[in-house]
Colleague: 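This is the structure I want to talk about, given as structure tokens.
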Amino acid sequence: MATELRPGVFTAGFARLDAEGQIRGRLGLEDLALAVQRKAKANATNGTHPRGTPTPARPGQGPARISGTLRNSVDHSHIAKDATGWATKVGPKVNQFPEYNSRTPADRYGYYLETGLKNGTTFPWLKPAAEFACRVNAPKIYNKAYGHGGWGRIF
């Protein structure tokens, strides 16, 4: 027993545990970002319609697809460490323009849909995707990365 508690044993053990947690956390975040990305793309395709015709989408739900530029531009940024841990952003890529409009890129259009058009109507698609992924996918991803039973104690 005396050899088990020699100096540095706990330090080395916790260092290994921390390194494993960092790897698992990064992999879990990647899976969660992909889940948000998939749901956002699905939400951004609430029916289809040609440009200049009325949308079949209802206010408060995701937008209908015109060209698919918004849906196709949704991606996540490189996962990197910051001051709080691992971080990424999910949303439309910058400067992706639909063929019919060279003035409004998909990232601005997606922002307008999410926060409100000129008439105040919203067609949220990204925030509901993140909420869905955190509610439905995150517990499964956490359990896959760290084992069952821990998610409920954290959140």
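Along the sequence shown, residues are numbered consecutively beginning with 1.
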Colleague: Can you check whether Ala145's main-chain N or O pairs, donor with acceptor, with Arg24's side chain at less than 3.5 Å?
Modeller: yes

Colleague: Do Trp125 and Glu114 have side-chain heavy atoms sitting under 4.5 Å apart?
Modeller: yes

Colleague: Report whether Tyr142 and Ile23 are members of the same hydrophobic cluster (ILVMFWY, side-chain heavy atoms less than 4.5 Å apart, transitive linking).
Modeller: no

Colleague: Carefully, step by step, assess Leu29 and Thr88 under the rule side chain to side chain contact (heavy atoms under 4.5 Å, CB included).
Modeller: CA-CA 8 Å; Leu29 183 58; Thr88 187; 4.0 Å; yes

Colleague: Just wondering, do Gln22 and Lys81 contact through their side chains at under 4.5 Å, heavy atoms?
Modeller: yes

Colleague: Would a 4.5 Å heavy-atom cut-off, applied to side chains only, mark Phe123 and Asn46 as touching?
Modeller: no

Colleague: Any idea which heavy atoms bring Ala129 and Asn43 closest together, and the distance?
Modeller: N-ND2, 3.6 Å

Colleague: Mind checking the NZ-CG spacing from Lys41 to Leu126? Nearest 0.5 Å is all I need.
Modeller: 12.5 Å

Colleague: Which pairs of donor and acceptor atoms, one on a side chain in residues 102-113, lie under 3.5 Å apart (sequence neighbours left out)?
Modeller:
residue: Arg108; atom: NH2; partner: Tyr112; partner atom: OH; Å: 3.4

Colleague: Without placing hydrogens or testing angles, list every side-chain donor-acceptor pair under 3.5 Å for residues 50-60, not counting sequence neighbours.
Modeller:
residue: Thr53; atom: OG1; partner: His49; partner atom: ND1; Å: 3.2
residue: Thr53; atom: OG1; partner: Pro50; partner atom: O; Å: 2.6
residue: Thr55; atom: OG1; partner: Ala57; partner atom: N; Å: 3.1

Colleague: Please check: side-chain N/O of Tyr146 versus main-chain N/O of Gly25, any donor-acceptor pairing under 3.5 Å?
Modeller: yes

Colleague: Using a strict threshold of under 4.0 Å (side-chain N to carboxylate O), is an ion pair present between Arg135 and Glu131?
Modeller: no

Colleague: Which distance, rounded to the nearest 0.5 Å, do you find between the OG of Ser77 and the NZ of Lys93?
Modeller: 12.5 Å

Colleague: Hey, does Leu34 have a side-chain heavy atom less than 4.5 Å from the side chain of His76?
Modeller: yes

Colleague: Does Asp31 come within less than 4.0 Å of Lys144, counting only side-chain N to carboxylate O?
Modeller: yes

Colleague: Look up atom OG1 in Thr45 and atom CD1 in Ile66, then write down how far apart they are to the nearest 0.5 Å.
Modeller: 11.5 Å

